[in-house]
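What follows is a short report on a single structure.
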Amino acid sequence: MKHDIQRYTAGERSNHWAVAILFVLAGLSGLALFHPALFWLSHLFGGGPWTRILHPFIGIAMFLFFIWLVMRFMSHNMIHKRDVQWLKQAGDVMANREGNMPEVGRYNGGQKLLFWVLLVCMLLLLVTGIVIWREYFSHLFGIELIRLSVLLHALAALVLIVSIIVHIYAGIWVKGSVGAMLTGWVSKGWARKHHSLWYKEVEKGENKH
Amino acid sequence: MTNHWTDIKNADLVLIMGGNAAEAHPCGFKWVTEAKAHNNAKLIVVDPRFTRSASVADLYAPIRTGSDIAFLGGLISYLIENDKYQHEYVRNYTDVSFIVREGYDFEAGFFSGYDEAKRGYPDKSGWGYEIGEDGFAKVDPTLSHPRCVFNLLKKHYSRYTPDMVSSICGTPKTQMMQVWDTIAETSAPGKVMTIMYALGWTQHSTGSQMIRAGAMLQLLLGNIGMPGGGMNALRGHSNIQGLTDLGLLSNLLPGYLTLPSDAEQDYAAYIAKRASKPLRPGQLSYWQNYEKFHVSLMKAWYGKNVSADNNWGYDWLPKLDAPAPGYDVLKVFDMMYQGKVNGYFCQGFNPIASFPNKAKIGAALAKLKYLVIMDPLATETSEFWRNVDEFNDVNTADIQTEVFRLPTSCFAEEDGSLVNSGRWLQWHWKGAEPPGKARTDIQIMAGLYHRLRNMYATDGGKFPDPILNLDWPYLQPDEPSAEELAREYSGKAITDLTDPATGALLVKGGDQLAGFAQLRADGSTSSGCWLFCGSWTQQGNQMARRDNSDPYGIGQTLGWAWSWPANRRILYNRASADVSGKPWQDLKKPLVFWNGKSWGGADVPDFKADSPPEAGMNPFIMNPEGVARFFAVDKMAEGPFPEHYEPFETPIGRNPLHPDDPRVTSNPAARVFKGDMELFGSAADFPYAATTYRLTEHFHFWTKHCRLNAIVQPEQFVEISEALGKELGIAAGDWVKVSSNRGYIKAVAVVTKRLKPLTVDGKTVHQIGIPIHWGFSGTARNGYLTNTLTPFVGDANTQTPEFKSFLVNVEKA
Amino acid sequence: MATQDIIARSATTTHSPSIRQIDEVAKLIDVSKCIGCKACQVACSEWNDLRDEVGHNHGTYESPADLSADSWTLMRFAEHEDEAGKLEWLIRKDGCMHCAEPGCLTACPSPGAIVQYANGIVDFNQDHCIGCGYCITGCPFDVPRISKKDNKAYKCSLCSDRVGVGQEPACVKTCPTGAIVFGSKEDMKDHAAERIVDLKSRGYENAGLYDPPGVGGTHVMYVLHHADKPALYSGLPADPSIDPMVHVWKGVAKPLGLLAMGATALIGFFHYLRVGRNVVEEDEPGAVGDAAVHKVDPAVHEFDPKAPR
Amino acid sequence: MDMNRRQFFKVCAVGLGTSSLAALGVAPPNAYADQIRHFKLARTIETRNTCPYCSVGCGLIMYSQGDAAKNVAQNIIHIEGDSDHPVNRGTLCPKGAGLLDFVHSESRLKVPQVREAGSNEWKELGWDEALDRISKHMKADRDANFIETNEQGQRVNRWLSTGFLAASASSNEAGYITHKVVRSLGILGFDNQARV
């Protein structure tokens with residue numbers, strides 16, 4: 001792909017991939033504790049006790065990096081009317097029929113939705129995670145709250161993981177996306193096709209030179 | 001115990017009063033739960049506190065500490081007035097028909113013969129029976145003589161009306177009557193109540209009389225000698241019974257033989273006084289054999305060195321000048337406090353924790369030249385000189401006592417026997433070596449004895465005779481074995497014993513004796529404790545027997561260990577059968593009965609086995625009367641009938657029975673030392689009635705050294721009622737300061753519904769519960785010795801301290 | 001207890017060996033006979049070589065203050081006055097109930113850290129325990145405790161080591177008053193029935209057996225004088241069961257969660273297969289004019305990719 | 001990262017394969033629990049004893065480690081009730097159940113010691129030295145204060161300036177020999193726990 005426009009700086013990319021790596025670790029360690037069929041994943045972390053020890057710390061780290069990411073991208077993820085419209089026509093996107101889609105800014109409606117879903121999940125995971133963090137915090141909470149928390153933690157994680165699978169697939173499916181997050185650059189064509197408004201903005205800014 | 005633990009399962013009713021069996025004796029208490037579960041028995045608990053025993057009781061009644069004689073006296077009166085007593089039993093097996101001398105009187109709280117200056121009854125001449133010309137006591141079987149025991153008894157307790165009793169005890173009348181009615185049901189022949197008591201009765205200035213009152217109640221109901229009945233002293237320590245049987249008390253010799261007094265310079269008179277002749281025709285009066293027991297003891301101690309020529313070493317026995325019980329611990333510690341004692345030995349004993357008024361005990365110990373501790377554990381007494389802040393605030397440098405601390409083995413590290421409260425001598429075996437250089441008590445005593453004997457032999461000294469003449473036949477003189485000592489106290493024939501009538505050989509010289517019936521007064525037998533005679537026979541160690549079979553199914557396991565006397569499990573068991581020899585409970589629980597030729601049954605008869613019922617011998621064979629006594633004659637210090645006196649520290653300040661005479665507010669015959677009377681507090685300064693006790697999690701001051709027990713009851717506490725807690729603003733978990741006129745302790749407050757204020761003599765009385773188990777050494781958290789608070793006064797007969805009733809103040813710490 | 005006696009195993013989806021047919025055992029605690037002496041507590045700690053801390057008195061007879069990794073059973077004391085003002089001291093031995101449907105085992109994520117034997121004992125295997133505390137979350141009786149020393153969960157094992165060689169649990173053997181008895185579950189129910197008859201004859205009309213069906217019954221049962229009000233006994237739950245949230249979490253959530261994740265991935269796969277990739281067709285060289293420098297974002301710095309770094 | 005179609009399918013196949021295998025249980029092997037705790041008394045030596053606390057006199061069995069061979073110091077590792085005993089029938093109260101911690105209490109005394117007059121510490125002694133010193137104290141006190149006759153000239157042969165408290169948990173044999181020795185010395189201030 002041609003490196004025409006820089007979409008992500010090195011800082012942003014590092015931040016993203018830090019979150020991504022931590023997500024994979026938290027996800028794998030969490031899944032190990034979630035379903036017996038995946039308990040073998042605990043071996044990746046040095047066994048069950050290490051998985052139990054590491055998972056919450058990984059989670060905290062993921063959350064912190066994620067929040068940093070949120071602060072970077074929050075302003076681009078405010079949902080506008082056109083995003084709602086975009087979401088309504090998401091089926092066309094899936095079918096690779098993008099002709100009638102509303103114009104897309106730096107992020108499309110799906111991406112924005114993902115952004116907010118992730119944020120909610122992350123917050124939920126953090127709060128419930130602390131409640132069920134037996135070693136340091138659980139003794140502060142009542143058993144009913146702990147029970148609610150384990151359930152919410154699992155559900156939030158499920159939503160998060162599913163969302164991330166969608167996110168990853170979207171990256172794989174939409175050629176150039178992964179490259180954008182790896183190299184930071186996209187081609188003009190890519191930008192024009194997927195984020196026309198943003199492309200225009202970039203172009204406009206360039207013309208000001 | 002007249003009976004024993006397993007036998008409690010035969011009870012129809014269990015009265016726990018003056019004790020807390022569930023907490024202090026949980027495994028024995030099992031037989032109460034068994035009686036409830038499988039004999040449909042009921043359990044009554046009468047206690048100042050709603051204890052763990054009360055938690056499983058059918059009936060609970062609160063009582064003010066120290067008022068038990070009033071409760072029992074009232075009950076005795078109630079039974080007589082309502083004709084709820086076992087007529088046949090009472091008439092035939094007790095002294096109700098005996099006629100009391102004219103000199104006997106009871107007036108305004110005093111029995112006849114009181115001497116105020118001496119605080120006692122030096123003249124007990126009126127306290128006896130009228131003796132006829134035949135030398136026997138006079139009786140009136142019709143019970144119509146105004147001075148027969150029955151009428152005196154009835155008269156004495158007629159003052160104990162339900163209202164009076166309720167007012168003294170604070171027990172609400174409805175609850176009291178419920179208890180009395182339930183107890184009265186056991187007056188039916190064959191219905192049996194057992195009484196389980198312990199230090200809740202013993203540790204009062206009127207303790208002995210409380211117990212007598214309990215025994216009298218049992219006689220009225222016909223419950224003594226019965227399976228599932230009896231007067232059962234639960235006893236405190238594993239071998240307190242054995243050491244008492246072996247006479248390790250200030251005025252005793254083994255087997256309840258007694259030391260002579262100064263006046264008893266003549267050996268024959270000494271024996272004659274103790275070998276009582278029967279007071280009624282046909283009675284056994286077993287103490288007639290006293291000399292056989294005494295001579296056999298002296299032979300066991302002094303061997304060849306005593307004979308009829310030297311009165312069996314009579315002069316080698318120390319003579320007592322103090323009135324019984326002689327030099328008891330309170331007296332010795334008072335002497336010590338006055339600087340009259342130089343040396344003291346504590347063998348497995350922790351007096352600074354166990355005796356009243358810790359300040360006085362500590363000050364007394366500090367006046368000793370030398371103190372010797374033999375103990376497996378580091379006791380407070382061994383470190384009475386160490387400053388442990390408020391817990392033991394002493395000036396170490398000022399204490400000039402040399403303290404020796406000798407490590408001893410514990411139960412697990414030695415062979416030997418212990419006597420439980422059911423009088424069973426049970427043998428135990430060593431399982432490991434003692435830690436470090438610890439030695440057995442036997443080794444230590446042998447080591448001391450040999451050193452003394454050598455010094456007296458080589459250097460001479462004061463009256464060395466008994467030391468040099470002591471028989472020491474042990475194969476390893478430095479370490480006599482438990483087996484050798486057991487054989488010695490059980491007894492052997494020194495020369496061949498032959499039947500005086502037939503000349504037949506009964507026991508070969510040198511053989512072990514089969515029982516105390518074989519003892520002789522001519523020096524041909526030796527037995528270190530006649531009561532234990534037969535515990536190690538020629539057949540071997542009877543105490544080690546392990547046959548637990550129970551052929552009659554009523555828990556008399558005659559093949560398990562060995563019980564004194566003569567392997568009998570229930571004392572006075574002849575009384576379990578009626579006059580004709582037929583059991584009161586024929587089918588259900590036949591214990592001992594006449595089979596036409598001899599007495600027999602589930603137990604060894606406590607009787608002359610071949611004396612037929614028609615011979616008229618009565619069941620209480622140790623008494624010269626042959627029957628049990630309601631009237632204690634001259635045996636008790638403060639009177640022949642128990643009378644209620646207030647504790648020395650009374651929350652109501654007067655005796656409601658004798659409200660106008662302060663001389664009979666408290667026991668007029670109890671000994672009070674100079675200086676101690678002044679330390680008694682009054683209700684004005686110390687308004688609350690306190691009582692001390694054990695908890696089930698701990699054993700005295702031992703288990704605070706055991707981690708497992710420290711975990712389950714870690715820290716000192718006191719118990720107060722919710723009402724008092726509210727009054728004083730004290731909540732559960734707060735620290736409180738409890739003070740008496742002798743000192744203070746600080747502890748956590750347990751505020752509970754289980755203690756309730758009582759209305760006594762028109763006043764509200766709050767009771768404070770103070771467990772005893774903490775001190776300034778061990779694994780549990782340090783605490784104050786509870787006996788910092790308790791008064792230095794004892795029961796008039798036994799001098800057992802009044803730990804159960806005293807006054808305190810409580811404030812938030 | 002041996003491998004062949006295990007009928008259920010935490011975090012294991014397949015069947016456990018169940019070849020051996022052995023009787024279910026039960027411990028019956030007759031609260032009406034219990035004097036709260038704590039012999040069971042001491043015997044438990046002695047047998048299991050546990051020594052808890054020497055704590056404090058908190059104004060009650062209860063000590064230690066709570067169950068812990070070093071205290072597997074605890075006497076709980078409650079003072080209760082009935083309407084007539086009659087005081088009852090209700091003392092209950094607290095500890096693992098050995099549920100037939102154990103919440104701890106359901107919740108445990110570590111295979112084999114919690115096992116259930118055919119005789120009904122639910123046992124923790126600390127070798128497999130990872131210390132997550134999910135067992136606490138799952139337990140309807142608040143019994144398991146995590147050790148502060150080793151972060152493993154502990155609780156009463158019903159002395160599986162003793163029972164395994166034919167003995168009774170240590171607490172049962174020691175109980176002075178016979179308030180704790182042990183035998184086959186059937187015999188214990190018979191014994192309880194006798195006790196209930198006795199208690200009813202003594203005026204406890206609501207005496208009954210506590211063998212809560214909500215957890216499939218338990219292998220530690222109580223005889224209560226007030227079976228209608230178990231909460232009187234220091235909060236014994238009236239109708240315990242595994243909490244619905246735990247049920248969802250360790251029930252449907254597990255397969256559905258995996259399914260959802262798998263399905264999402266599969267949908268992606270088939271989408272890719274059927275719809276194909278999303279490419280920028282016109283994105284060929286020279287299609288768009290080259291600017292040497294691009295403004296990436298108004299807020300961000302300028303960057304010249306051609307400049308030497 | 002640019003993945004072509006083939007690569008994508010390859011990744012998917014591997015991922016699906018491994019996770020399905022895992023889900024089917026082909027995970028790293030987990031050892032099944034055998035015995036979580038082994039029965040600890042299998043070959044201990046059993047010794048019968050009697051509980052030294054209260055006077056119910058419960059039967060005990062003490063289990064000690066070692067088989068009494070010459071080279072072994074038997075160590076008591078567990079104590080429980082004797083089921084044959086007619087009274088306790090195997091049961092023990094909280095005190096009896098904790099006896100192991102009495103036998104091994106950190107407060108157990110191990111060597112003879114003396115605290116000299118005014119001192120604030122214990123000093124270890126040999127047994128001979130300890131018993132020599134004590135017996136010399138005894139003889140000096142007895143010789144100085146023994147009363148052979150009272151004021152009336154009656155022979156009384158008593159020694160009041162040294163007293164002796166006997167144990168309440170020592171065996172009959174220890175009690176008997178103690179009584180024998182103490183009375184032969186003329187001591188009257190002699191009691192045991194039964195007094196209190």
Side-chain angles (χ1 to χ4, degrees), chain B residues 5 26-28 235 237-238 240 242-244 246 248 318-319 327 329 332 342-349 370 377-378 396-397 400 403 405 407 411-412 416-418 420-421 426 428 431-432 435-437 441-442 447 449 451 461-462 466 470 482 485 489 548 557 697 699 705-709, chain D residues 47 49-50 52-53 55-58 62 74 76 86-88 91 93-95 98 101-103 105 107 109-111 113 115 117-118 120 131 135 137 139 141 143 146 154 156 158 161-177 181 184 186 188-189 191-195:
Chain B
W5 291 105
C27 291
R235 313 252 39 185
H237 296 226
S238 59
I240 207 159
L243 292 186
T244 304
L246 286 163
L248 283 83
K319 310 279 181 297
Y327 293 89
V329 290
V332 170
N342 300 319
Y344 207 66
F345 288 75
C346 299
Q347 184 190 58
F349 208 136
Y370 68 102
L377 298 169
T396 302
Q400 294 301 305
V403 184
R405 190 156 77 170
F411 73 101
S417 64
L418 303 175
N420 77 355
S421 32
Q426 305 189 92
H428 64 265
K437 295 179 184 167
D441 291 314
I442 295 174
Y449 171 67
R451 280 167 177 79
K462 277 277 182 74
L470 201 67
L485 292 165
Y489 65 62
N548 60 9
T557 48
E697 295 91 340
F699 187 79
H705 297 280
C706 308
R707 178 88 184 268
L708 281 164
N709 300 100
Chain D
T47 311
N49 210 300
T50 306
Y53 291 135
S55 45
V56 173
C58 294
M62 308 189 299
Q74 290 301 122
I76 296 171
V87 176
N88 67 306
T91 66
C93 78
K95 300 163 283 264
D101 281 14
F102 175 39
V103 176
S105 170
S107 303
L109 303 176
K110 298 198 171 93
V111 291
Q113 292 164 305
R115 176 264 178 186
N120 195 25
L131 295 177
S135 52
H137 272 303
K139 182 160 191 298
D141 184 50
D143 285 349
F146 192 82
Q154 294 165 324
V156 296
R158 58 178 166 247
S161 55
T162 283
F164 198 106
L165 279 176
S168 49
S170 63
S171 64
N172 289 323
E173 294 68 32
Y176 174 75
I177 197 81
V181 170
S184 78
L188 284 175
D191 261 319
N192 77 78
Q193 270 279 359
R195 185 62 75 199

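Note on naming: letters A, B, ... go to the chains in the order of the sequence lines (proteins, then strands), and numbering restarts at 1 for each one.
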- Please state whether the rings of Y176(D) and Y489(B) are parallel, tilted or perpendicular, taking 30° and 60° as the class boundaries. perpendicular
Can you tell me which of [options] forms the most heavy-atom pairs within a distance under 4.5 Å of chain B?
options: T50(D), N192(D), I177(D), D141(D); value: N192(D)
options: D101(D), T162(D), L165(D); value: L165(D)
options: S184(D), S105(D), S170(D); value: S184(D)
options: A117(D), G98(D), G186(D); value: A117(D)
options: S55(D), G57(D), P86(D); value: S55(D)
options: S161(D), G175(D), A194(D), C93(D); value: S161(D)

- Where on T557(B) is there a heavy atom nearer than 4.5 Å to chain D: the side chain, the backbone, both, or neither? side chain
- When the 4.5 angstrom heavy-atom criterion is applied to Y370(B) and chain D, the contacting part is side chain
Can you name the closest pair of heavy atoms from [X] and [Y] and give their distance?
X: D143(D); Y: K462(B); value: OD1-N, 2.9 Å
X: N88(D); Y: C27(B); value: CB-CB, 4.2 Å
X: K95(D); Y: N709(B); value: CA-ND2, 3.6 Å

Highest number of heavy-atom pairs under 4.5 Å with chain D: which of [options]?
options: R451(B), H428(B), R405(B); value: R405(B)
options: V329(B), L248(B), V332(B); value: L248(B)
options: A412(B), A432(B), G28(B); value: A412(B)
options: L418(B), L708(B), V403(B), T244(B); value: V403(B)
options: Y327(B), Y344(B), F411(B); value: F411(B)
options: Q426(B), E697(B), R707(B); value: Q426(B)

Quick check for you: to the nearest 0.5 Å, what is the distance between [X] atom [atom1] and [Y] atom [atom2]?
X: L377(B); Y: H705(B); atom1: CG; atom2: NE2; result: 5.0 Å
X: F699(B); Y: F102(D); atom1: CZ; atom2: CZ; result: 9.5 Å
X: R195(D); Y: S168(D); atom1: CZ; atom2: OG; result: 14.0 Å

- Message: A side-chain contact here means heavy atoms from C-beta on lying under 4.5 Å apart; do S421(B) and W5(B) qualify?
- Response: yes
- Test item: E173(D) side-chain N/O and S417(B) main-chain N/O as donor-acceptor pair under 3.5 Å: yes
